Amino acid sequence: MIKLILTDLDGTLTEDRGVYKVDLEAIEAIRRAQEAGIKVALVSGNSYPVLRGLYNYLGLNGGLVAENGCVVFYGKERLEVCKRMDREILEEFRQRFKLKDSWQNEFRCCDFGFTPAVLNEEMLKWAEDRGVYVNSSGYAVHVAMKPAGKGVGVRKLIELHGVRRDEVAALGDSMTDLEMFQEVGLKVAVGNADEKLKENADVVLNLKSGKGVKEFISSLLDDGTWN
Ligand SMILES: O=C(O)COP(=O)(O)O
Ligand SMILES: [Mg+2]
């Protein structure tokens, strides 16, 4: 029985990948799930203030994981679950790869975002040599001190909920969601997700992004699928 749904934001709750408009039918479906007693949490690379505002105004109740896994909020608790960023390493990354800082970086403690959201071999080698986490959501390249990634924050949030992993479903669109998938019982890729994420999913939805979220929740609530 699914008791907790973890949903990614960008590319999953939005109308499509690469856009920022939230799909209103996805939000209505989330409302239905919460009214049926299922808790719903946001898990995203966005900063804590951005996600906390969205969480409050969307009326979500399952908590949130911000900074691509490094900051967890549930109940009244805000927890940092990664090491704080080494500013010299961050500056070296910034100078070496000449990427643009996300405007949200001034509000972050541990994981930092840059654009364009393109990983390359040189970046991966640099990160490997320094024991640093680097990954891309398709919206931003994320850099943090290891251990990091959505799986770190999701493990803590599931522990705070006191539920079993087989009682948790995760929905996503990009490779940063793969780390979240490893921590849950039901791995759900939206129809327009990265191919590699689909290969690691238990369910690949027909519909894209937010319409896929509505598809999944309708199946869960109306057809009793996966329960
Ligand atoms: O990379 C980001 O900041 C946002 O991406 P996500 O919501 O898909 O994790
Ligand atoms: Mg995403």
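These numbers were taken from a predicted model, which means no experiment stands behind them. All ligand and atom numbering here is 1-based and tracks the order in the structure.
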Student: Pick out which of Thr12, Asp194, Asn192 makes a side chain to side chain donor-acceptor pair (under 3.5 Å) with Arg17.
Tutor: Asp194
Student: Do Cys109 and Cys70 have their SG atoms less than 2.5 Å apart?
Tutor: no
Student: Look at Lys211 together with Glu15 and state whether they make a salt bridge at an N to O cut-off of under 4.0 Å.
Tutor: no
Student: Do any nitrogen or oxygen atoms of Asn68 come within less than 3.5 Å of a nitrogen or oxygen of ligand 1?
Tutor: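 Among all N and O atoms of Asn68, none is under 3.5 Å from an N or O of ligand 1.
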Student: Decide whether an N or O pair under 3.5 Å exists between Thr176 and ligand 1.
Tutor: no
Student: Tell me, which N, O or S atom in Asp8 is closest to the Mg ion (ligand 2)?
Tutor: OD2
Student: Are the aromatic ring centres of Tyr133 and His142 under 6.0 angstrom apart?
Tutor: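 Ring-ring flag for Tyr133/His142: false, centres at least 6.0 Å apart.
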Student: Run the numbers for me: atoms of ligand 1, each under 4.0 Å from some heavy atom of Leu9, listed by number.
Tutor: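 Listed by number with element, the hits are 7 (O).
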Student: Give the residue and atom name of whichever protein heavy atom lies nearest to atom 4 (C) of ligand 1, and the separation in Å to one decimal.
Tutor: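 Answer, as residue, atom name and distance: Asp10 OD2, 2.9 Å.
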Student: May I ask you to test the Phe114-Lys100 pair for a side-chain heavy-atom distance under 4.5 Å?
Tutor: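 No, side chains not in contact.
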Student: So which heavy atom in the protein is nearest atom 7 (O) of ligand 1, and how far is it from that ligand atom?
Tutor: Ser44 OG, 2.7 Å
Student: Any N/O/S atom from Asp10 (main chain or side chain) under 2.8 Å of the Mg ion (ligand 2)?
Tutor: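 An N, O or S atom of Asp10 is closer than 2.8 Å to the Mg ion (ligand 2), so yes.
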Student: Using a plain distance cutoff, I'd like to know if Asp8 has any nitrogen or oxygen under 3.5 Å from a nitrogen or oxygen of ligand 1.
Tutor: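 N/O-N/O distance under 3.5 Å: yes.
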Student: Taking atom 1 (O) of ligand 1 as the point of reference, which of Ser137, Ala140, Gly45 owns the nearest heavy atom?
Tutor: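 Residue with the shortest heavy-atom distance to the ligand atom: Ser137.
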Student: To make sure I understand the geometry: which N, O or S atom in Asp173 is closest to the Mg ion (ligand 2)?
Tutor: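 Nearest N/O/S atom: OD1.
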Student: Relative to each other, are the rings of Phe97 and Trp126 parallel, tilted or perpendicular (30° and 60° limits)?
Tutor: perpendicular
Student: Determine the minimum heavy-atom distance between Val71 and Val81, stating which atoms define it.
Tutor: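 Smallest heavy-atom distance, with atoms named: N-CG2, 4.4 Å.
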Student: What is the nearest protein non-hydrogen atom to atom 2 (C) of ligand 1, stated with its residue, atom name and distance?
Tutor: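 For this ligand atom, the closest protein heavy atom is His142 NE2, 3.4 Å.
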Student: Within less than 4.0 angstrom of ligand 1, does Gln104 place any heavy atom?
Tutor: no
Student: Please confirm whether Arg108 makes a cation-pi placement over Tyr48, using NZ or CZ under 6.0 Å from the six-membered ring centre and within 45° of the ring normal.
Tutor: no
